[in-house]
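The structure under discussion appears below in the form of structure tokens.
Each chain gets a letter, A, B and so on, in the order the sequences are listed, and its residues count up from 1. The shown structure was predicted, so the numbers you read here are calculated from the model rather than taken from an experiment.
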2 protein chains.
Amino acid sequence: MIDPDGPVPVYRQVADILAERIAKGDLAAHRPIPSEAALVQEFGVARGTARRAVAELRERGLVYTVPQRGTYVGQPEA
Amino acid sequence: MIDPDGPVPVYRQVADILAERIAKGDLAAHRPIPSEAALVQEFGVARGTARRAVAELRERGLVYTVPQRGTYVGQPEA
DNA sequence: TTACATTTGTTCGTATGTATA
DNA sequence: GTATACATACGAACAAATGTA
């Protein structure tokens with residue numbers, strides 16, 4: 001799933017996988033994506049790497065984060 | 001601000017700037033200096049370089065570091 | 001009100017690999 | 001070969017806010 005030794009950074013690999021899930025609708029608008037702890041579990045990465053992956057998605061405008069709550073698909077509610 | 005191509009190593013340039021701030025009192029005793037992440041932001045250097053700059057200050061006896069807490073001006077409290 | 005678990009935010013510690021002068 | 005510097009990645013600890021029991 002994740003190739004730690006490939007040329008693509010792990011955090012981008014994780015971000016790309018999540019982005020695809022969003023594109024496919026597996027992760028629906030205004031539904032939470034997996035928590036950082038869950039991403040650590042699922043992908044076997046460090047929390048810092050999971051956080052960076054989520055930051056990537058945020059920069060791409062795919063998700064928004066609510067502090068102490070979670071990160072959700074789409075744009076923040078009005 | 002920082003001259004990456006000059007004869008003086010970047011880490012020492014950063015250390016010198018912080019040392020001057022301490023000397024001028026911009027950074028007061030027992031107050032935290034900027035975090036490593038903040039130094040990365042402010043000076044546009046790698047984290048390793050920021051860490052080395054702080055290590056310089058520690059060697060000069062200007063600051064002390066508390067793991068997972070931060071680095072502070074002066075000497076550790078008794 | 002209290003207590004607890006969950007989640008994100010932040011900090012320093014450490015190691016590896018790559019590139020350059 | 002050495003020193004500098006950047007990027008990536010894992011680890012550990014603590015803080016703060018939120019939601020729930």
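Screening residues 7-17 of chain A for salt bridge (Lys or Arg N to Asp or Glu O under 4.0 Å) gives A:D16-A:R60 as the qualifying pairs, with residues at least two apart or on separate chains. Sorted by first and then second residue, the pairs that involve residues 19-28 of chain A and meet side-chain hydrogen bond (donor to acceptor under 3.5 Å, both in side chains), not counting sequence neighbours, are A:R21-A:E42.
Set against D:dT4, C:dG9, C:dC12, the side chain of B:Y11 has D:dT4 as its closest nucleotide. Among D:dT4, D:dA9, C:dT8, the nucleotide with an atom closest to any side-chain atom of A:P9 is D:dA9. The side chain of B:S35 lies closest to C:dT11 when the candidates are C:dT11, D:dG19, C:dT7.
Distance A:Y72 OH to D:dT18 P: 12 Å, rounded to the nearest Å. Look at CG on B:L39: it is 14 Å from P on D:dA5, rounded to the nearest Å. In this structure, the CZ atom of A:R58 is 13 Å from the C1' atom of C:dT7, given to the nearest Å. Rounded to whole angstrom, the span from the OH atom of B:Y64 across to the C1' atom of C:dG13 amounts to 19 Å. Atoms CZ (A:R69) and P (C:dA5) sit 17 Å apart, rounded to a whole Å. When rounded to the nearest whole Å, the span between CD of A:E36 and P of C:dA5 equals 20 Å. Here D:dA5 presents its C1' atom at 15 Å from CZ of B:R12, a figure rounded to the nearest Å.
Contact check of residues 45-52 of chain B against DNA chain C (heavy atom, cut-off under 4.0 Å) returns B:R47, B:R51.
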task: Kindly determine whether B:V66 and B:T71 satisfy side-chain contact (heavy atoms from CB on, under 4.5 Å), including the steps that lead there.
output: CA-CA 6 Å; B:V66 182; B:T71 296; over 6 Å; no
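Base pairing of D:dG1: no nucleotide in any strand meets the Watson-Crick or G-U wobble criterion (both distances under 3.5 Å).
DNA chain D is contacted by both B:V8 and B:Q68; B:V8 maps to the nucleotide lying nearer its 5′ end (nearest heavy atom per residue).
Using a 4.5 Å heavy-atom threshold, the side chains of B:L18 and B:L39 count as touching.
At distances below 3.5 Å, at least one donor-acceptor pair connects side-chain atoms of B:Q75 with backbone N or O atoms of B:G61. With hydrogens and angles ignored, the 3.5 Å screen pairs a side-chain donor or acceptor of A:Q13 with a backbone N or O of A:D3.
Annotation for B:R31: atom CZ does not count as buried by contact number, only 12 or fewer foreign heavy atoms lying within 6.0 Å.
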